[in-house]
Amino acid sequence: MKFISILFFNLLLASVSFGQFNTQKETIYSKNAGDSFNIYVSLPQNFNTNNAYKVVYYCDAGLKSGKYLRRLIAGSEFNESLKATIFVGIGHIGNYHVLRRRDFIFPSIKENNIVRGNKNYGQAEKFYSFLKEELVPSINKKFKTYTDSNSIIGHSLGGLFAFYCLFKDDNLFSKYFALSPALWVDNYSIYKFNKIHDGFTNNIYIYFTAGSKEKFNKIVNSTKQAKEFFDTKKYPNLSFEYDIWNGKTHNSEVPYSLQKILKEKL
């Protein structure tokens, strides 16, 4: 029993000594979104207020994808590669099924007119304004950051929202990561919100993924269509990559995509 206790203590000590990120959670209210959110701020182990950091924002911080990301960065594997990165997660408070549809889905377009719908659906612009006008500026004020090196990660409807952010074409983010994005929503009308005209003035990158078994939910076909879209447009200063993970589903592809993002894409 004494040996087991010592072993457990040593393992615990190792996890504390070599863990990469320290995460703190706070709740903030957004005037733009008209709601409160849990914000998870993860600082690297040797955080220094005098150093500048890249910031990675990720959706669904309270769900499986967000929790898995924090487990990954809490280990020692990324101590060196992510030492100049801050992670900021945004989590819903309450019925996330309703709130994700509210914040990640855009309004419908009928006969070239935007139909706002109800307060619990299709309010992506309000959530985007929360990020652009409230959350991102507050993080830039609190920490020394590279304001031209923000990234965003989203899964499923969050991945759809990542595309929405890209199509805004206002350089809020420089890297976009869309895991199994639900591009099929409202008959693929996400492309009607595309404000990109002549390409980008800065270098922009998007990486999107799917599991090969995501055929019934239209994800595989929609990511292939996205590839064809970018191939056709050939936007200046935009580069993209996409992966289809063999044998993986909507949820089981997430760990593979997140690990690749953390290892190679940031």
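Remember, predicted model here, so these are calculated numbers, not experimental data. Counting begins at 1 with the first residue of the sequence.
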Apply side chain to side chain contact (heavy atoms under 4.5 Å, CB included) to residues Y128 and F161 and explain how you reach the verdict. CA-CA 9 Å; Y128 182 83; F161 181 73; 4.1 Å; yes
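- Within the 4.5 Å cutoff, side-chain heavy atoms of E253 are placed close to those of S180.
- By the 4.5 Å heavy-atom criterion applied to side chains, L179 and L258 are counted as neighbours.
- Distance alone, capped at 3.5 Å, is enough to place a donor-acceptor pair between the T223 side chain and the V220 backbone.
- Within the 3.5 Å criterion, the main-chain N or O of F106 finds no donor-acceptor partner in the side chain of Q123.
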Mind running side chain to side chain contact (heavy atoms under 4.5 Å, CB included) on Y205 and L238 for me, showing each step along the way? CA-CA 6 Å; Y205 172 80; L238 174 67; over 6 Å; no
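- A donor-acceptor pair is defined here as one N or O able to donate and one able to accept, closer than 3.5 Å; no such pair exists between the side chain of S252 and the backbone of K248.
- In this structure, the side chain of N150 engages the main chain of L172 through a donor-acceptor pair within 3.5 Å.
- Looking at N48, its side chain does come within 3.5 Å of a backbone N or O of N50 through a donor-acceptor pair.
- Using a distance-only test at 3.5 Å, with no hydrogens or angles considered, a donor-acceptor pair links the side chain of S212 to the main chain of G247.
- The heavy-atom pair separating A182 from L160 by the smallest distance is O-CD1, 3.5 Å.
- The cationic group of K144 does not satisfy the cation-pi geometry with Y53, failing either the under 6.0 Å distance to the six-membered ring centre or the 45° limit from the ring axis.
- Under a 3.5 Å cut-off, the side chain of N237 and the backbone N or O of N203 do not form any donor-acceptor pair.
- With contacts defined as side-chain heavy-atom distances shorter than 4.5 Å, the pair F78/K83 does not qualify.
- A search for ring-ring contact (aromatic ring centres under 6.0 Å, His included) contacts involving F87 returns F21, not counting sequence neighbours.
- The side chain to side chain donor-acceptor pair (under 3.5 Å) contacts involving residues 151-165 comprise E125-Y164, S156-H250, where partners must be two or more places apart or lie in separate chains.
- Under the 4.5 Å side-chain criterion, counting only non-hydrogen atoms from C-beta, F127 is not in contact with N32.
- A 4.5 Å side-chain heavy-atom check between F173 and L131 finds at least one atom pair inside the cut-off.
- A donor-acceptor contact shorter than 3.5 Å is absent between the side chain of E133 and the backbone of F130.
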Run Y68 and Q259 through side-chain hydrogen bond (donor to acceptor under 3.5 Å, both in side chains) and show every step you take. CA-CA 10 Å; Y68 186 77; Q259 289 183 53; 3.0 Å; yes
Are D103 and K126 close enough, and set up right, to give a salt bridge (charged side-chain N to carboxylate O under 4.0 Å, His left out), and what steps lead you there? CA-CA 7 Å; D103 292 337; K126 291 183 178 180; over 6 Å; no
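- Cation-pi geometry between K265 and Y207 is satisfied (NZ or CZ under 6.0 Å from the ring centre, within 45° of the ring normal).
- Proximity of I153 to K175: side-chain heavy atoms (C-beta onward) are nowhere separated by under 4.5 Å.
- The backbone N or O of A33 sits less than 3.5 Å from a side-chain atom of S30, completing a donor-acceptor pair.
- Remark: N194 engages F167, I196, F229, Y235 in a side-chain contact (heavy atoms from CB on, under 4.5 Å) (not counting sequence neighbours).
- Between the K168 side chain and the C165 main chain, no donor and acceptor come within less than 3.5 Å of each other.
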Run the salt bridge (charged side-chain N to carboxylate O under 4.0 Å, His left out) check on D186 and K192 step by step: do they pass? CA-CA 11 Å; D186 198 14; K192 296 180 181 179; over 6 Å; no
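- Taking the ring centre of Y40 as origin, the terminal cationic atom of R70 falls inside the region bounded by 6.0 Å and 45° from the ring axis.
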